[in-house]
Amino acid sequence: MRVVTQVSDLRSLLNAWRRADDEVSFVPTMGNIHEGHLSLIEEARKRSDRIVSSIFVNPMQFDRPNDYGRYPRTFEEDKRQLQDAGVDLLFNPPAEVIYPRGFENSTYVDVPGITDILCGAHRPGHFRGVATIVCKLFNLVQPKLAVFGEKDYQQLLVVRRMVEDLNIPVEIVGAPTSREQNGLAMSSRNNYLSDAERQQAALIFQLMCETAEQVIAGSRDYKILEAKAKQVLAEDGFEPDYFSILTLEGLNTPSDMSPPDELVVLVAAHLGQARLIDNLPIHQYTALAESKASHAS
Ligand code: PAF
């Protein structure tokens, strides 16, 4: 695996691959690599000849400076894991390579509408930072496709919308969320949890499953389901930002006529030092329940 920090080195390696007609896929990360990232790389490997990954803790997408400062940075271990996973090229630029004028003075990308709700409402400027860095990285790497985790579902939709609106010729692939045994979605932010909190955090997945079950059973009182789940989280010591049932397609408020299969349950909640986000498309819950039932029989 080649590791480069400068744009010129990145471009000359990529040009050589392009001349050889190699198809390049891209997995952008902020490092602190875990199994969730490795599953994205696995997905990329199935679809291309060469895999480029990046590690860049992007200051523009942090809404609180102390969150940026404390974000886990584990470069040597990350490098080893990415190499073992078969990544061909790792781009690890310093901030001044990406934002030579400082990120506050850089041109940015705003995706309207979809960024106003959920995490966008709770983390002002976050999705501007995400859209800007993803756009810049796409311009630098120019991959055929890029893989993003479905765990950050709103981020995935923001990236899809940006690519569509700006005619960026990159195919966006969503990869399923990797979970711990107890259902907790894998995330670098889980590092902020104590062992006890990691166990407690399983409540998020449990509540999403219970809510999905109720929607499948015919409940259409979405607001009541949301309020109940938030109350359970709060009573257990979480500080929920949102617990929402929305349409999968555009994160709109569902109507009584919306088919359950086209809905998704989305959650963000603070626990101890961590802000955890997760989501469960109802059709995924159905598939999960069916596979559990067939294993049990
Ligand atoms: O999901 C992430 O790790 C980041 O938001 C991303 C897409 C790498 C942009 O910094």
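In listed order, ligands and their atoms are each counted from 1.
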- Query: Between F26 and R47, is there a cation-pi geometry (under 6.0 Å to ring centre, at most 45° from the normal)?
  - Reply: no
- Item | Ligand-side contact atoms (ligand 1) for residue partner I133, heavy atom cut-off under 4.0 Å | 9 (C), 10 (O)
- Do N32 and T74 have side-chain atoms, one donor and one acceptor, less than 3.5 Å apart? yes
- Query: For atom 2 (C) of ligand 1, what is the nearest protein heavy atom, given as residue, atom name and distance?
  - Reply: Q155 NE2, 3.9 Å
- Nearest-option assignment for atom 3 (O) of ligand 1, heavy atoms, candidates K151, M60, M30: M30
- Part of T29 within contact of ligand 1 (heavy atoms, under 4.0 Å): backbone
- Query: With a 3.5 Å cut-off and no angle check, do the side chains of N191 and Y71 form a donor-acceptor pair?
  - Reply: no
- Carefully, step by step, assess E164 and R161 under the rule salt bridge (Lys or Arg N to Asp or Glu O under 4.0 Å). CA-CA 5 Å; E164 208 179 298; R161 183 78 58 87; 5.7 Å; no
- Query: For S48 and A44, which heavy atoms make the closest approach, and how far apart are they?
  - Reply: OG-O, 2.9 Å
- Task: Considering heavy atoms of the protein only, find what lies nearest to atom 10 (O) of ligand 1 and give residue, atom and distance to 0.1 Å.
- Result: Q61 OE1, 2.6 Å
